[in-house]
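Shown next, in structure tokens, is the structure this report addresses.
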Amino acid sequence: LDEGYVTAVYRVFKQLYDKGYIYRDFYMVNWDPGSRSAISDLEVENREVEDVLYSIDYPVEGSDRVLTVATVRPETMLADTAVAVNPSDERYADLVGNHCLLPLVGRRLPIIADEHVDVEFGTGALKITPGHDPNDFEIGRRHGLEEISVIGPDGHLTEEAGRFAGLSAAKAQEEVVAALREEGRLRAEEPYTHSVPFSHRSGERIEPLISLQWFCRMDELAQPAIAAVERDEVRIAPGQWKRVYLDWMREIRPWCVSRQLWWGHRIPVWYCDACEETYVAESAPERCASCAGELRQEEDVLDTWFSSAIWPFATLGWPEETPELRAFYPTSFLTTAREILFLWVARMIMTGIEFPGAVPFRDVYVHSVIQARDGRRMSKSLGTGIDPLEEIDVHGADALRFGLLAMSSTQDVRFSDAKVQQGSDLANKLWNASRLILLNTVEVEPAPRPARVEDRWLLSRLERTIASVTGKLETYDFAHAVQEAYAFFWRDLCDWYLEIVKPRLYDGEEDVSATLLYTLERVLALLHPTMPFVTEEIWSFHPARRGHLAVHPFPQVDESLFDEAAEADVEAGIGLTQRLRAWRDLVDVPVGSVLAARVEGVEPPEFVARLSRFQFAPDGGDPVASVGPVRVLPSADLDAEAVAGRLEKRREELRSEVERAERKLANEGFVAKAPAEVVEEERGKLERYRSELDELG
RNA sequence: GGGCGCGUAGCUCAGUGGGAGAGCGCUCGCUUCACACGCGAGAGGUCGCUGGUUCGAAACCAGCCGCGCCCACCA
């Protein structure tokens with residue numbers, strides 16, 4: 001409706017017309033009786049339908065032979081203008097050039113030979129109805145056959161149908177079958193399942209009709225658009241869609257661009273009824289140039305995708321040389337659903353190259369499709385759609401956004417309420433963890449200030465997470481990107497680091513405050529694209545806040561904070577803590593009790609004892625159990641039987657591990673052919689299992 | 001008919017050559033001073049089937065079974 005846009009559409013139509021790409025022709029189109037309009041091939045959807053296949057005898061003129069033909073649309077026989085057989089079919093070779101007599105009508109039908117006919121199907125004889133079947137139309141044009149229309153745009157039979165005129169196609173079918181039966185021409189009726197075109201718009205069965213329409217020839221426009229994708233001037237990801245695009249483009253067919261609808265850009269063509277002149281123009285001519293008569297504008301409108309095809313530049317003011325067009329064209333990135341690849345993306349590329357002279361975008365990402373909860377397509381007509389506003393009411397906008405990203409994949413996935421709930425839980429956790437940090441840190445400039453090994457571990461993990469998330473976003477791997485950010489925040493920061501540093505935090509230590517505020521700032525920025533609302537709100541309380549988080553730079557990786565040694569030490573400490581906790585659980589130690597223990601060898605980080613409720617002392621008698629390097633000392637809280645049972649279970653686990661490693665290393669092929677580091681790793685494992693087994697006694 | 005993809009824990013999905021993973025659900029224990037939308041600990045899988053390649057296969061190859069999508073003019 002925007003005037004500037006209409007100008008652009010008309011300019012495009014006129015230029016394509018002047019180049020000879022746009023033309024008007026009688027042609028077989030997909031007629032949608034529901035919307036009473038032609039529609040394009042791409043708007044047609046094929047569905048399996050159970051029909052009846054009728055076999056009808058067509059007598060051969062001047063002979064007692066008959067040709068039996070098969071059809072699921074017997075009413076269209078009224079428009080038959082030939083019978084075709086395959087040229088290699090010896091059964092009928094002598095009949096080619098003769099005529100059949102069309103039952104009910106009496107028309108003389110030439111018997112022709114055409115490669116299209118399948119010798120194997122039915123009797124190998126095919127009735128030809130150029131007016132109502134796309135194949136027959138092509139065959140008809142090849143052989144110069146008459147094109148008769150017996151079904152009109154309203155789905156009812158025309159005057160051409162003689163005594164059947166005025167009937168609906170369905171009713172006509174019944175009557176034609178009855179008449180054939182009466183004349184003894186109906187040889188067989190059998191159930192037949194086949195795929196049938198339906199209108200994507202109205203849902204009605206397509207009626208192939210010949211009508212006068214506007215077409216756009218696509219092959220010239222397609223060539224540079226094919227080259228652009230071949231040369232990766234437009235990159236299509238995931239890679240398989242590049243080939244799908246190219247395959248389609250290489251076999252592109254003329255595009256029927258006219259529609260008999262009210263909505264749409266009216267085709268910029270004017271007719272003079274007096275002298276039969278036709279004008280194609282960017283704006284309405286006043287009068288006919290030849291006779292000065294009144295002009296009448298074409299009533300058909302353009303396919304909606306015709307105007308959408310020029311969207312990337314028409315919205316920026318093209319054909320005017322606007323500042324917007326100069327600044328923003330070509331654009332960089334388009335994300336889209338795959339069913340739009342042909343309808344829209346391909347056409348934008350073609351018109352972008354043809355008109356402004358440059359591809360409209362550099363990268364196209366074809367995303368996965370979220371299906372309904374039960375795995376069916378989301379669809380308005382099936383009622384399987386999921387209303388995002390309802391989801392937002394229940395879980396929140398951030399939760400839905402997180403959930404959708406977490407669901408996304410290279411394949412189609414079902415909508416998962418659990419993933420949205422996970423997002424909602426994350427928002428809640430972000431809020432609470434931030435509250436802990438913001439209410440307990442002292443006033444200090446946020447900065448990485450590692451004072452202990454756990455600080456170096458956290459900062460190293462933070463930077464590695466930023467690196468990894470960034471890499472995954474760049475390759476459109478959204479699900480893993482958000483899952484990785486989620487795992488760092490929840491596991492590393494909340495479950496471990498915050499629990500480890502609470503005493504230092506409550507003590508008002510500056511180093512840990514600075515490090516935590518720094519980490520929080522980076523985590524908020526990292527998660528902001530995924531959860532914009534809650535991160536922005538938390539940011540408003542952050543002491544480092546300058547302006548909105550939405551315009552805060554996305555975190556850049558600081559590799560100087562990578563620290564492999566700290567990671568190894570802390571992760572070993574975490575592993576030991578988990579084993580100690582599990583051991584306590586399994587031997588039923590009372591929850592609050594602190595057990596005495598002694599450590600053999602290197603002292604683990606301080607937090608291990610605290611988080612597993614142990615007290616490590618240099619001495620204290622004979623141990624009653626071993627957990628890795630930890631020797632648990634006797635205590636009133638320990639049930640001797642449970643401890644012994646647990647010991648035995650651990651021994652069994654270790655024995656089976658030792659056995660597995662030994663078996664592998666005993667395999668000569670493995671030792672000889674596997675890479676040295678893999679063999680070495682296996683030897684290391686075996687050694688560790690054996691020494692722990694020795695410790696247990 | 002052609003093409004693409006999928007079949008892994010109860011559910012939804014990751015994992016593409018060296019000891020089976022996540023979220024949810026389930027079991028047990030915790031009202032521990034950020035969070036019970038939470039914390040800790042667990043159980044649970046002949047990785048669709050059959051062959052093959054390999055020292056080694058959930059992963060690579062072939063065939064089969066089941067499911068989905070796209071394209072296509074067999075009446």
Side-chain angles (χ1 to χ4, degrees), chain A residues 28 41-42 46 53-55 69-73 76 84 116-129 133-139 192 194-195 197 208 240-241 243-244 247-248 251 338-339 341-342 369 371 373 375-377 395 399 403 406-419 421-440 477 479-480 483 486-487 494-495 498-499 502 505-506 577-578 581-586 588 591-592 611-613 657 660-661 664 667-675 677-679 681-682 685:
Chain A
M28 172 75 45
D41 292 342
L42 291 174
N46 290 293
L53 186 64
Y54 298 91
S55 295
V69 298
T71 181
V72 293
R73 300 287 310 275
T76 65
H116 169 78
V117 182
D118 182 353
V119 178
E120 308 287 318
F121 192 93
T123 61
L126 174 63
K127 73 193 238 344
I128 303 299
T129 321
D133 183 279
N135 306 317
D136 295 2
F137 179 79
E138 300 283 347
I139 295 169
Y192 186 66
H194 63 146
S195 81
Q240 71 247 36
W241 297 107
R243 220 174 66 237
V244 172
D247 286 349
W248 186 74
E251 286 180 40
R338 58 177 164 270
E339 68 264 26
L341 198 59
F342 306 144
V369 174
Q371 301 168 328
R373 291 172 178 87
R376 287 189 295 169
R377 273 186 87 75
H395 296 106
M407 276 173 238
S408 73
S409 166
T410 52
Q411 62 167 328
D412 290 354
V413 287
R414 298 177 185 201
F415 186 84
S416 160
D417 297 281
K419 284 286 196 301
Q421 183 58 46
Q422 194 185 346
S424 161
D425 293 348
L426 175 60
N428 184 61
K429 186 91 171 171
L430 266 175
W431 182 261
N432 284 304
S434 300
R435 188 168 63 175
L436 172 70
I437 294 169
L438 294 172
L439 294 181
N440 289 284
D477 186 0
H480 288 114
Q483 277 159 19
Y486 172 95
C494 293
D495 287 353
L498 287 176
E499 294 306 324
K502 267 179 184 173
L505 183 62
Y506 294 146
T577 305
Q578 288 175 315
R581 283 170 173 170
W583 182 85
R584 289 180 64 110
D585 235 43
L586 286 162
D588 270 328
V591 173
L611 297 184
S612 57
R613 293 185 179 276
E657 292 292 353
R660 189 196 56 78
K664 201 161 182 179
N667 181 339
E668 284 173 29
F670 175 71
V671 179
K673 296 188 181 175
E677 62 268 25
V678 174
V679 177
E681 198 183 328
E682 204 57 37
K685 285 179 198 166

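Just so you know, these numbers come straight off a predicted model, no measurement behind them. Residue numbering restarts at 1 for every chain, and letters A, B, ... go by the order of the sequence lines. What you see below is based on every heavy atom in this structure, not just the backbone, and it leaves out hydrogens, waters and symmetry mates.
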*asked:* Expressed as a whole number of angstroms, how long is the span from A:Asp118:CG to B:C73:C1'?
replied: 12 Å
*Rounding to a whole Å, what distance do you find between A:Tyr192:OH and B:C74:C1'?*
7 Å
*Nearest 0.5 Å, what's the CH2-CG distance between A:Trp248 and A:Leu42?*
5.0 Å
*Given the C1' atoms of B:U8 and B:A41, what is the spacing between them in whole Å?*
25 Å
_Holding to ring pair (Phe, Tyr, Trp, His ring centres under 6.0 Å), I want the full list of residues that pass it with A:His194, two or more places apart in sequence or in another chain._
A:Tyr192
Could you write out each protein N or O paired with an N or O of nucleotides 3-6 of chain B at a distance under 3.5 Å?
none

*Nearest 0.5 Å, what's the NZ-CD distance between A:Lys664 and A:Glu682?*
4.5 Å
*Round to the nearest Å and state the distance from A:Ile139 atom CD1 to B:C74 atom C1'.*
10 Å
*Check the distance between B:C55's C1' and A:Glu677's CD and give it to me in whole angstrom.*
15 Å
*asked:* Once you apply a heavy-atom cut-off of 4.0 Å, does A:Lys685 come out as touching a base, just sugar-phosphate, or nothing?
replied: base
_P spacing across the pair B:C24 / B:C37, given as an integer number of angstrom_ = 13 Å
*Phosphate oxygens OP1/OP2 of B:A14: is one of them under 4.0 Å from a side-chain N or O of A:His480?*
no
*asked:* Any non-hydrogen side-chain atom of A:Val244 less than 4.5 Å from a side-chain atom of A:Arg338?
replied: no
*When the P atoms of B:C33 and B:C28 are considered, how many whole Å apart are they?*
24 Å
*Counting distance only, does the side-chain N/O of A:Arg584 pair as donor-acceptor with the main-chain N or O of A:Arg613 below 3.5 Å?*
yes
*Enter the distance from A:Glu138:CD to A:Asp133:CG here, rounded to the nearest 0.5 Å.*
10.0 Å
_Once rounded to the nearest 0.5 Å, what's the spacing between atom CG of A:Asn432 and atom NZ of A:Lys429?_
8.0 Å
*Between B:G7 atom P and A:Arg414 atom CZ, what is the distance in whole Å?*
13 Å
*Check every strand shown and say whether A:Val413 touches a base, only sugar-phosphate, or nothing at a heavy-atom separation below 4.0 Å.*
sugar-phosphate
*For A:Val117 and A:Gly124, which heavy atoms make the closest approach, and how far apart are they?*
CG1-O, 3.4 Å
*Taking the side chain of A:Phe670 as heavy atoms from C-beta outward, which of B:C71, B:G18, B:C74 is closest to it?*
B:G18
*Across all strands shown, which nucleotide pairs with B:A58 by Watson-Crick or G-U wobble geometry, both distances under 3.5 Å?*
none
Pairs under 3.5 Å (N/O, protein and nucleotides 41-45 of chain B):
residue, atom, partner, partner atom, Å
B:A41, O2', A:Asp585, OD2, 3.2

*C1' atom, B:A43 versus B:C35: distance in rounded Å?*
27 Å
*Do A:Lys502 and A:Leu436 have side chains that get closer than 4.5 Å, going by heavy atoms?*
yes
*asked:* Using Watson-Crick or G-U wobble geometry with both distances under 3.5 Å, which nucleotide pairs with B:G66?
replied: B:C6
_To check you understand the geometry: which heavy-atom pair defines the closest contact between A:Arg373 and A:Arg414, and what is its length?_
O-CD, 3.8 Å
*asked:* List the residues meeting ring pair (Phe, Tyr, Trp, His ring centres under 6.0 Å) with A:Tyr506, not counting sequence neighbours, and say none if there are none.
replied: none
*Could you give the CZ-to-P distance, from A:Arg584 to B:G40, as a whole number of Å?*
15 Å
_Distance-minimising heavy-atom pair for A:Arg581 and A:Leu611_ = NE-O, 3.4 Å
*Across all strands, who's sitting opposite B:G1 as a Watson-Crick or G-U wobble pair, both distances under 3.5 Å?*
B:C71
*Between A:Leu498 and A:Ala433, what is the shortest heavy-atom contact and its length?*
CD1-CB, 4.2 Å
Could you run down the sub-3.5 Å N/O contacts of the protein with nucleotides 23-26 of chain B?
residue, atom, partner, partner atom, Å
B:G23, OP1, A:Arg491, NH2, 3.1
B:G23, O2', A:Gln422, OE1, 3.2

*Could you state the NE2-P distance from A:His194 to B:A72, rounded to the nearest angstrom?*
18 Å
*Could you measure between the two P atoms, the one in B:C49 and the one in B:G7, and give it in whole Å?*
13 Å
Is there any protein nitrogen or oxygen under 3.5 Å from a nitrogen or oxygen in nucleotides 32-35 of chain B, and what are the pairs?
residue, atom, partner, partner atom, Å
B:A34, OP1, A:Lys502, NZ, 3.4
B:A34, OP1, A:Tyr506, OH, 3.4
B:A34, OP2, A:Tyr506, OH, 2.4
B:A34, O2', A:Asn432, OD1, 3.2
B:A34, O2', A:Arg435, NH2, 2.7
B:A34, N7, A:Lys502, NZ, 3.4
B:A34, N6, A:Glu499, OE2, 3.3
B:A34, N3, A:Asn432, O, 3.4
B:A34, N3, A:Ala433, N, 3.2
B:C35, O4', A:Asn432, OD1, 3.4
B:C35, O4', A:Asn432, ND2, 3.4
B:C35, O2', A:Asn428, ND2, 3.3
B:C35, O2', A:Asn432, ND2, 3.3
B:C35, O2, A:Lys429, NZ, 3.1
B:C35, N3, A:Lys429, NZ, 3.0

*asked:* For the P atoms, the ones on B:A62 and on B:G5, what distance do you get once it is rounded to whole angstrom?
replied: 12 Å
*Using atom NZ of A:Lys673 as one end and atom C1' of B:G18 as the other, report the distance to the nearest whole Å.*
16 Å
*asked:* Reading RNA chain B from 5' onward, which residue's closest nucleotide shows up sooner: A:Asp41 or A:Asp133?
replied: A:Asp41
*Can you figure out which of B:A75, B:A72, B:G18 approaches the side chain of A:Leu126 most closely?*
B:A75
*Taking all heavy atoms of A:Ser434 and all of A:Leu430, pick out the closest pair and write down the distance.*
OG-O, 2.6 Å
*Base-pairing mate for B:A41 - Watson-Crick or G-U, with both contacts under 3.5 Å*: B:U27
_Distance, P atom - from B:C60 to B:C47, rounded to whole angstrom_ = 15 Å
*asked:* If I pick the C1' atom on B:A75 and the same atom on B:G63, what distance separates them, to the nearest angstrom?
replied: 34 Å
*Identify the heavy atoms of A:Lys685 and A:Arg660 that sit nearest to each other, and give their distance.*
CD-NH2, 4.4 Å
*asked:* Do A:Val678 and A:Phe670 have side chains that approach each other closer than 4.5 Å (heavy atoms only, starting at C-beta)?
replied: yes
